[in-house]
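Shown next, in structure tokens, is the structure this report addresses.
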Amino acid sequence: MYIAQELRKTNIAEYLLYMWQVEDTIRAFDCSLSRIRREYIDRFDYTEEQKEDEADWFGNLIRMMNGEGCREKGHLQINKVVMQQLQELHAQLLSSPKFPFYNAEYYKVLPYIVELRNHGANKEENEIETCFNSLYGVMMLRLQKKDISPDTQHAVKEISTFVGMLNDYYLKDKQEPLKFE
């Protein structure tokens, strides 16, 4: 909860990846709040009050996952909304002549996006989702200490730069709405 709150304010891209990881953490503990509390939350150097807050937060997420039918796979609606906001901002940035650097970065990563979509299972996902799925996939591979090919490392580096740029525009837009015309 504390990490999510901070990331939501400072880096929406990292926030979304973190929240996907939280969803997977909940699934790893079979959506059991008592297990999450005992085997996960208690490992942190939190006060008892912080542990209670964290347990409440996880409990709410578990209820949402159960209610939204994403107990085994998929993403919470709160995370889908963030993805939708990023996709909408992406479309606005691309359609505006005021953001040539964003357009240039997009066209630089577009071949990677196309390749990923051609290899991916879900051809219906939007381009921003494809970028996030690739970043998340590589993050999981790194956590598992698995090898990542140089080509994949290069593609992810380019995608990270592009998503970072989208993140920066998202934060700027939240502080003071961007002018697209």
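Along the sequence shown, residues are numbered consecutively beginning with 1. We use all heavy atoms of the structure for the numbers below, so side chains are in, but hydrogens, waters and symmetry mates are not.
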Test side-chain contact (heavy atoms from CB on, under 4.5 Å) on L110 and V114 and set out the steps. CA-CA 6 Å; L110 186 57; V114 170; 4.2 Å; yes
Between [X] and [Y], is there a donor-acceptor pair closer than 3.5 Å when you use the side chain of the first and the backbone of the second?
{"X": "D30", "Y": "S32", "value": "no"}
{"X": "E105", "Y": "M165", "value": "no"}
{"X": "K51", "Y": "I41", "value": "no"}
{"X": "E129", "Y": "M83", "value": "no"}

Within the structure provided, determine whether [X] and [Y] are in side-chain contact (heavy-atom separation under 4.5 Å).
{"X": "Y169", "Y": "D173", "value": "no"}
{"X": "M19", "Y": "L61", "value": "yes"}
{"X": "F58", "Y": "V22", "value": "yes"}
{"X": "H75", "Y": "E68", "value": "no"}
{"X": "M140", "Y": "Y136", "value": "yes"}
{"X": "F180", "Y": "S95", "value": "no"}

Regarding E48 and R37, does a basic nitrogen lie under 4.0 Å from an acidic carboxylate oxygen?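 Between R37 and E48 there is a salt bridge, with a charged N closer than 4.0 Å to a carboxylate O.
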Salt bridge between E72 and R27, side-chain N to carboxylate O under 4.0 Å? no
Just how far is it from atom [atom1] of [X] to atom [atom2] of [Y], taken to the nearest 0.5 Å?
{"X": "H154", "Y": "S149", "atom1": "NE2", "atom2": "OG", "value": "11.5 Å"}
{"X": "L76", "Y": "N60", "atom1": "CG", "atom2": "CG", "value": "11.0 Å"}
{"X": "L141", "Y": "T152", "atom1": "CG", "atom2": "OG1", "value": "8.5 Å"}
{"X": "E6", "Y": "E14", "atom1": "CD", "atom2": "CD", "value": "11.0 Å"}

side-chain contact (heavy atoms from CB on, under 4.5 Å), that's the test. Do I62 and I36 meet it? Break it down for me. CA-CA 10 Å; I62 291 167; I36 290 170; 3.8 Å; yes
Will you find, in the side chains of [X] and [Y], an N or O donor that is under 3.5 Å from an N or O acceptor?
{"X": "R63", "Y": "N66", "result": "no"}
{"X": "D151", "Y": "Y112", "result": "no"}
{"X": "Y46", "Y": "D53", "result": "no"}

For [X], look at atom [atom1] and say whether over 12 heavy atoms of other residues, nucleotides or ligands are found less than 6.0 Å away.
{"X": "K157", "atom1": "NZ", "answer": "no"}
{"X": "F101", "atom1": "CZ", "answer": "no"}
{"X": "Q144", "atom1": "CD", "answer": "yes"}

Testing the basics here: between [X] and [Y], what is the closest heavy-atom pair and its distance to 0.1 Å?
{"X": "S134", "Y": "V156", "value": "O-CG2, 4.5 Å"}
{"X": "V138", "Y": "I148", "value": "CG1-CD1, 3.7 Å"}
{"X": "M139", "Y": "L17", "value": "CE-O, 4.1 Å"}
{"X": "R117", "Y": "T130", "value": "CG-OG1, 3.4 Å"}
{"X": "L135", "Y": "S160", "value": "CD2-OG, 3.3 Å"}
{"X": "F132", "Y": "A13", "value": "CE2-O, 3.5 Å"}

Distance-only donor-acceptor hits, side chain of residues 85-94, under 3.5 Å, sequence neighbours excluded:
unit_1, atom_1, unit_2, atom_2, d
Q85, OE1, Y170, OH, 3.2
E88, OE2, Q84, NE2, 3.0
H90, ND1, Y102, OH, 2.6
H90, NE2, E127, OE1, 3.4

Are I12 and V81 grouped together when hydrophobic residues (ILVMFWY) are joined by side-chain heavy atoms under 4.5 angstrom apart? no
Would Q50 and Y2 satisfy side-chain contact (heavy atoms from CB on, under 4.5 Å), going step by step from the backbone distance to the final call? CA-CA 9 Å; Q50 288 173 317; Y2 299 107; 3.4 Å; yes
Using the ring of Y15 (Phe, Tyr or Trp, six-membered ring only), decide whether R8 places NZ or CZ under 6.0 Å from its centre and within 45 degrees of its axis.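 Satisfied, under 6.0 Å and within 45°.
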Criterion side-chain contact (heavy atoms from CB on, under 4.5 Å) on V109 and V163, from CA distance to verdict: CA-CA 10 Å; V109 301; V163 168; over 6 Å; no
